[in-house]
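Okay, structure first, notes after.
All values below were derived from every heavy atom in this structure, side-chain atoms included, with hydrogens, water molecules and symmetry-related copies excluded.
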Amino acid sequence: MKRLSTRCLAWTLALGGLISASPAWAGKTLDGIKSRGQVVCGVHTGLAGFSAADSTGKWTGLDVDMCRAVAAAVLGDPEKVKYVPLTAQQRFTALQSGEIDLLSRNTTLTLTRDASLGLQGTVVTYYDGQGFIVPKKSNIKSPKQLKNQTVCVQSGTTTEKNLTDFSKANNLNIKTVVFEKEEAATAAYFAGRCISYTTDASGLASIRNKVATTPADHVILPDLVSKEPLGPMVRRGDDEWLAIVKWVIYGLIEAEEYGVTQANVDQLKASSQDPVVKRMLGTGEDMGKLLGLDKDWMARAVKAVGNYGEIFERNVGPKSALGLPRGVNSQWNKGGLMYALPMR
């Protein structure tokens with residue numbers, strides 16, 4: 001009996017090894033995407049640096065690049081994306097209903113959203129925090145100086161709850177002025193109806209650059225009052241699609257760590273002997289088959305949008321219009337929080 005049990009255990013382990021090395025099932029979401037020839041991606045209605053369309057209808061931004069990278073990986077072409085602009089109130093319903101395949105819209109990943117909406121967070125693509133913008137002439141230096149002041153905020157966001165919590169915790173009696181649409185809230189602030197407007201700090205930089213008549217007349221306070229880890233979301237129930245989106249993003253982060261760029265990806269694909277780079281670019285172990293993709297999936301994604309560092313610099317970094325510092329969004333080995341799970 002003991003010998004039989006040992007033999008059974010050996011067969012079980014061997015079978016487990018075979019299963020773990022087998023190609024993944026495509027999953028219903030990927031099947032639908034391949035059938036229509038497009039990834040349908042929910043994005044912001046217009047937030048410079050993250051997702052915004054120009055006068056010709058071309059979409060750009062950090063969130064947009066995540067959609068493009070996924071399309072390159074699964075369809076071979078980063079242009080095969082249909083962008084669906086969504087308000088804060090519309091975004092979750094659009095994903096729940098199947099109107100979109102992927103929500104990449106500066107969305108904070110929280111327990112409530114991850115556990116009770118039938119949705120699932122993927123990977124953090126931008127570590128942010130809630131901040132406040134005030135007129136420079138107000139001489140306000142800290143959010144704690146907003147006692148008894150009016151603050152504009154958009155409804156249906158984590159920002160609204162955070163503002164209430166911050167006010168109560170610090171006994172500030174902040175008077176919130178709530179608007180359904182972001183455009184109405186920011187217009188009210190710049191018109192002087194509120195002494196401050198609050199949202200994610202990255203959003204404040206975008207809004208100041210886009211809306212303010214004279215951006216230098218408005219200051220984003222340095223103190224943040226919350227954690228806002230932003231990242232794409234997918235529907236629950238399709239683990240194969242979840243895995244694809246996660247590993248495309250992890251691949252972009254790991255590509256930066258290993259020096260794989262948009263410019264050198266072809267060269268490294270042909271010449272690199274680094275085992276990690278070879279797995280990433282499809283010349284070593286085939287990681288793509290585990291996701292239901294081909295071996296060149298990640299090489300195409302990097303070729304399309306660059307690595308995470310390139311995406312950051314182009315869209316929101318110090319040399320972009322937003323001019324945001326890399327800060328906590330630096331790689332883990334450079335003092336930041338960007339840490340990709342190993343591609344092996």
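- Cluster membership check: Leu86 does not share its hydrophobic cluster with Val81, using side-chain heavy-atom separations under 4.5 Å among Ile, Leu, Val, Met, Phe, Trp and Tyr.
- No donor-acceptor pair closer than 3.5 Å links the side chain of Thr176 to the backbone N or O of Val178.
- A salt bridge is defined here as a Lys NZ or Arg NE, NH1 or NH2 lying under 4.0 Å from an Asp or Glu carboxylate O, and Asp286 with Arg279 fails to meet this definition.
- No donor-acceptor contact under 3.5 angstrom links the side chains of Asp101 and Thr29, judged on distance only.
- Not a single donor-acceptor pair under 3.5 Å links the side chain of Glu160 to the backbone N or O of Thr157.
- Not a single donor-acceptor pair under 3.5 Å links the side chain of Thr45 to the backbone N or O of Pro85.
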Inset, instruction - Output, in order, the C-alpha distance, side-chain angles, deciding distance and verdict of side chain to side chain contact (heavy atoms under 4.5 Å, CB included) for Met66 and Leu62. - result: CA-CA 7 Å; Met66 298 303 155; Leu62 188 148; 4.2 Å; yes
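- Residues Leu281 and Asp296 are not in side-chain contact: their nearest non-hydrogen atoms beyond the backbone lie 4.5 Å or more apart.
- Thr261 and Asn264 form a side-chain donor-acceptor contact under 3.5 Å, judged by distance and modelled atom types alone.
- With hydrogens and angles disregarded, a donor-acceptor distance shorter than 3.5 Å links the side chain of Lys147 to the backbone of Asn171.
- Taking CD1 of Ile174 as the reference point, atom CD1 of Ile195 lies at 12.0 Å (rounded to 0.5 Å).
- Summarising the geometry of Asp114 relative to Gly121, their closest heavy-atom pair is OD1-N, 2.9 Å, with the distance given to 0.1 Å.
- At distances below 3.5 Å, not a single donor-acceptor pair connects side-chain atoms of Arg235 with backbone N or O atoms of Gln120.
- Going from atom CG of Leu47 over to atom OG of Ser202 covers 6.5 Å, rounded to the nearest 0.5 Å.
- When side chains are defined from C-beta on, Asn333 does not count as touching Tyr339, because their heavy atoms never get closer than 4.5 Å.
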Legend entry - side chain to side chain contact (heavy atoms under 4.5 Å, CB included) assessment of Val219 paired with Ile133: CA-CA 6 Å; Val219 176; Ile133 189 171; over 6 Å; no
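- Residues Phe179 and Phe132 do not share a hydrophobic cluster, clusters being chains of Ile/Leu/Val/Met/Phe/Trp/Tyr side chains in contact below 4.5 Å.
- Note: the hydrophobic cluster containing Val39 also contains Ile100 (ILVMFWY, side chain heavy atoms under 4.5 Å, direct or indirect links).
- Residues Val276 and Leu291 share a single hydrophobic cluster, defined by chaining ILVMFWY side chains whose heavy atoms lie under 4.5 Å apart.
- Using modelled atom types and a 3.5 Å distance limit, the side chains of Thr198 and Gln130 yield a donor-acceptor pair.
- Taken to the nearest 0.5 Å, the OH atom of Tyr308 stands 15.5 Å off from the CD atom of Glu254.
- Side-chain contact between Glu257 and Trp332 is present, with heavy atoms from C-beta onward closer than 4.5 Å.
- With contacts defined as side-chain heavy-atom distances shorter than 4.5 Å, the pair Val177/Val153 does not qualify.
- When only modelled atom types and interatomic distance are considered, Thr56 and Asp54 share a side-chain donor-acceptor pair under 3.5 Å.
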Inset, instruction - Go through Thr199 and Tyr197 one step at a time and tell me if the side chain to side chain contact (heavy atoms under 4.5 Å, CB included) criterion holds. - result: CA-CA 7 Å; Thr199 190; Tyr197 172 68; 3.7 Å; yes
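- Note on Asp294 versus Arg300: salt bridge recorded, some NZ/NE/NH1/NH2 to OD/OE distance being below 4.0 Å.
- Between the side chain of Ser272 and the backbone N or O of Lys269 there is no donor-acceptor pair closer than 3.5 Å.
- Ion pairing between a basic and an acidic side chain is recognised when a charged N comes within 4.0 Å of a carboxylate O; Asp266 and Lys303 show such pairing.
- Looking at Gln262, its side chain does come within 3.5 Å of a backbone N or O of Ala304 through a donor-acceptor pair.
- Using a 4.0 Å cut-off between a side-chain N of Lys or Arg and a carboxylate O of Asp or Glu, Asp128 and Lys227 do not qualify as a salt bridge.
- For the pair Ser51 (side chain) and His44 (backbone), a donor-acceptor distance under 3.5 Å is present.
- At least one side-chain heavy atom of Asp223 sits under 4.5 Å from a side-chain heavy atom of Pro143.
- Summarising the geometry of Val248 relative to Ala73, their closest heavy-atom pair is CG2-CB, 3.8 Å, with the distance given to 0.1 Å.
- Defined by atom type and a distance below 3.5 Å, a donor-acceptor pair is present between the side-chain atoms of Glu256 and Gln331.
- Between the side chains of Asn162 and Glu228, at least one donor-acceptor pair of N or O atoms lies under 3.5 Å.
- Of the inter-residue distances, the one linking Asn315 atom CG with Ser206 atom OG reads 11.0 Å to the nearest 0.5 angstrom.
- Nearest heavy-atom pair, Gly259 versus Leu268, reported as atom, atom and distance to 0.1 Å: O-CD1, 3.9 Å.
- Residues Gln154 and Thr159 fail the side-chain proximity criterion, which asks for heavy atoms closer than 4.5 Å.
- The local environment of NZ in Lys175 is crowded, with over 12 non-hydrogen atoms from other residues, nucleotides or ligands closer than 6.0 Å.
- Val305 approaches Arg314 most closely through the heavy-atom pair O-NH2, 2.8 Å.
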Inset, instruction - Start with the C-alpha gap between Val234 and Leu103, add the side-chain angles, then the distance that decides, and say whether side chain to side chain contact (heavy atoms under 4.5 Å, CB included) holds. - result: CA-CA 6 Å; Val234 296; Leu103 177 65; over 6 Å; no
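- Val134 and Ile220 fall into different hydrophobic clusters, defined by Ile, Leu, Val, Met, Phe, Trp and Tyr side-chain heavy atoms under 4.5 Å apart, directly or through other members.
- Note: Thr158 OG1 to Asp200 CG = 6.0 Å, rounded to the nearest 0.5 Å.
- Put simply, the side chain of Thr87 gets close to the backbone of Gln90: a donor and an acceptor are under 3.5 Å apart.
- A distance of 13.0 Å separates CG of Asp65 from CZ of Phe312, quoted to the nearest 0.5 Å.
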Inset, instruction - Check the pair Glu285, Lys278 against salt bridge (Lys or Arg N to Asp or Glu O under 4.0 Å), reporting the backbone distance first and the verdict last. - result: CA-CA 7 Å; Glu285 299 166 69; Lys278 292 180 72 173; over 6 Å; no
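- Although no hydrogens or angles enter the test, the distance criterion places no donor-acceptor pair under 3.5 Å between the side chain of Asn170 and the main chain of Leu172.
- There is no side-chain donor-acceptor pair under 3.5 Å between Thr150 and Arg193.
- The shortest side-chain heavy-atom distance between Ile249 and Thr122 falls under the 4.5 Å cut-off.
- Stacking of Arg105 on the aromatic ring of Phe50 is not recorded, the 6.0 Å distance cut-off and the 45° axial limit not both being met.
- Between Arg113 and Met233 there is a side-chain heavy-atom pair separated by less than 4.5 Å.
- Under 4.0 Å is where a charged nitrogen must lie from a carboxylate oxygen, and between Glu240 and Lys28 no such pair does.
- Open room surrounds NZ on Lys82; 12 or fewer heavy atoms of other groups in view lie less than 6.0 Å from it.
- The shortest heavy-atom contact between Pro232 and Leu102 is CB-CD1, 3.8 Å.
- Of all heavy-atom pairs between Val124 and Met338, the closest is O-CE, 3.6 Å.
- The environment of Lys161 atom NZ is sparse: at most 12 non-hydrogen atoms of other residues, nucleotides or ligands sit within 6.0 angstrom.
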